[in-house]
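Here is the structure we will look at, set down as structure tokens.
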Amino acid sequence: MDYKIIAANWKSHKTIQDASNWLNEFNALIQNKKIDDNKIIVIFASFTLLDFVSRFIKDKNLKIYLGSQDISQFEEGAYTGEINGKQIKELATNVLIGHSEVREYLKQTDEELKNKTKQAIISKLEIIYCVSSITQIIPDGIEILAYEPLSAIGSGKPDNPSDANQICSDLRSKNLNIKYSLYGGSVTPNNVTNFISQKFIDGVLVGKESLNPQIFYQIIKNA
Ligand code: PGA
């Protein structure tokens, strides 16, 4: 099947109450009009939301995957403040690694991101690994990539779809293990079709426009 991955990155947004409202509204939309079988929906939520969201998904039997936005580079142990792969795996199936905001604000290095990737693989978490250019290092074992040019993230200025397609194609020819490449950066219901119709763009990673369930649903519909 020709899968399309549509991922929401909620970033540091939403309380449990907000997430509950979002999920109830989104659930009503998808019960009313089903999502195509080839569309894979992933929500990357804050650690504090994972328990609530995973229970909601299970209770309502929804075909939505859940991911964390980070993972400890260490295994279980004396690492105060860290959340390890085993803990995430209890609640989620996916993890986002290397987003430009953790590189910029948390100063996560390529070495740390490599260790995080290793821990995610040990815990059998499906990784979406973010890069913002063709030259960034991609650790071994990565199969899903999200290309997010810095100028497009949160700016309302998306990349040109054919340029993004070219970079995704180049990234894949440099990294033959990559099975899916996504685009991220100011994706909206209006531009998603132009991105997803590109040969080497198998999905989208959506920040701002995923915060509203109606808009996110529209993006999924148009994808
Ligand atoms: P944006 O964020 O859709 O708000 O540009 C995308 C991202 O940072 O993953």
Side-chain angles (χ1 to χ4, degrees), residues 4-14 18-19 22 26 39-47 49-50 53 64-71 88 92-108 113 116-117 120 125-134 136 138 142-165 167-168 171 178 180-198 200-223:
K4 294 174 182 177
I5 301 170
I6 298 114
N9 177 11
W10 284 353
K11 308 193 179 187
S12 185
H13 288 284
K14 300 199 187 295
D18 296 335
W22 191 102
F26 188 73
K39 292 181 180 168
I40 314 263
I41 313 305
V42 191
I43 298 175
F44 290 102
S46 298
F47 288 126
L49 303 177
L50 294 181
V53 178
I64 296 175
Y65 296 87
L66 178 63
S68 62
Q69 299 168 4
D70 201 356
I71 177 172
I88 296 167
T93 48
N94 293 63
V95 58
L96 196 63
I97 298 181
H99 190 279
S100 66
E101 287 153 10
V102 302
R103 293 175 192 259
E104 184 183 352
Y105 302 121
L106 306 182
K107 306 286 176 222
Q108 293 183 4
L113 297 174
K116 286 171 186 281
T117 298
L125 288 160
E126 187 93 71
I127 303 163
I128 296 186
Y129 195 87
C130 303
V131 293
S132 55
S133 79
I134 180 84
Q136 261 169 352
I138 298 168
I142 295 297
E143 295 184 343
I144 310 177
L145 208 62
Y147 167 60
E148 300 201 299
L150 294 180
S151 62
I153 296 177
S155 62
K157 293 185 188 126
D159 203 6
N160 178 305
S162 64
D163 291 350
N165 183 57
I167 305 272
C168 287
L171 283 163
I178 305 292
Y180 299 98
S181 39
L182 320 188
Y183 165 79
S186 298
V187 171
T188 67
N190 290 335
N191 64 27
V192 65
T193 321
N194 290 337
F195 283 106
I196 213 128
S197 57
Q198 304 288 326
F200 293 99
I201 299 180
D202 308 298
V204 285
L205 180 57
V206 188
K208 185 166 163 275
E209 303 279 273
S210 73
L211 296 176
N212 175 316
Q214 307 268 359
I215 298 177
F216 188 59
Y217 175 75
Q218 205 57 46
I219 288 177
I220 295 167
K221 247 185 79 188
N222 294 353

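Small disclaimer: the values here were computed from a predicted structure and weren't measured. We count ligands from 1, going down the list as the structure has it; atoms in each ligand are counted the same way.
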Note: ligand 1 atoms sitting under 4.0 Å from heavy atoms of His99 are 7 (C), 8 (O), 9 (O)
Item checked: Within 6.0 angstrom of Lys208 NZ, more than 12 heavy atoms from elsewhere -> no
Between ligand 1 and Val206, is the shortest N or O to N or O distance under 3.5 Å? no
Original post:
Around Tyr65, counting heavy atoms of other residues, nucleotides and ligands shown, do more than 12 lie under 6.0 Å from its OH?
Top reply: no
CD of Gln136 to CG of Leu145, rounded to nearest 0.5 Å, is 9.5 Å
Between His99 and Glu148, is the side chain to side chain donor-acceptor pair (under 3.5 Å) condition met? List the steps.
CA-CA 8 Å; His99 190 279; Glu148 300 201 299; 3.2 Å; yes
Worksheet entry | Polar atom proximity, Gly207 to ligand 1 (N or O, under 3.5 Å) | yes
Note: ligand 1 atoms sitting under 4.0 Å from heavy atoms of Lys208 are 1 (P), 3 (O), 4 (O)
The atoms of ligand 1 lying under 4.0 Å from a heavy atom of Leu205, numbered in the order shown, are 9 (O)
Ala152 touching ligand 1 at heavy-atom level, < 4.0 angstrom:
yes
Has Gly185 got any heavy atom lying under 4.0 angstrom from an atom of ligand 1?
yes
Quiz prompt | Heteroatom distance test (Ser186, ligand 1): nitrogen or oxygen, under 3.5 angstrom | solution = yes
Note: ligand 1 atoms sitting under 4.0 Å from heavy atoms of Lys11 are 2 (O), 7 (C), 8 (O)
Here the atoms of ligand 1 under 4.0 Å from any heavy atom belonging to Gly154 are 1 (P), 4 (O), 5 (O)
Between Asn160 and Ser162, do the side chains contain an N or O donor and an N or O acceptor separated by less than 3.5 Å? yes
**OP:** Quick one: sort the Trp22 and Trp10 rings into parallel, tilted or perpendicular, breaks at 30° and 60°.
**Re:** perpendicular
contact_flag Glu209 ligand 1 heavy-atom lt 4.0 Å: no
* Glu101-ligand 1 polar pair, N/O distance under 3.5 Å -> no
Any non-hydrogen side-chain atom of Ile144 less than 4.5 Å from a side-chain atom of Ile5?
yes
Looking only at heavy atoms, the pair that brings Asn212 and Gln214 closest together is OD1-N, 2.8 Å
Counting from 1 in the order shown, the ligand 1 atoms closer than 4.0 Å to a non-hydrogen atom of Glu148 are 6 (C), 7 (C), 8 (O), 9 (O)
A student checking ligand 1 against Asn9 at a 4.0 Å heavy-atom cut-off should list atoms 9 (O)
Exercise for the section: Flag the pair Ser68 / Leu50 as yes when at least one side-chain heavy-atom distance between them is below 4.5 Å, and no otherwise. Expected result: yes
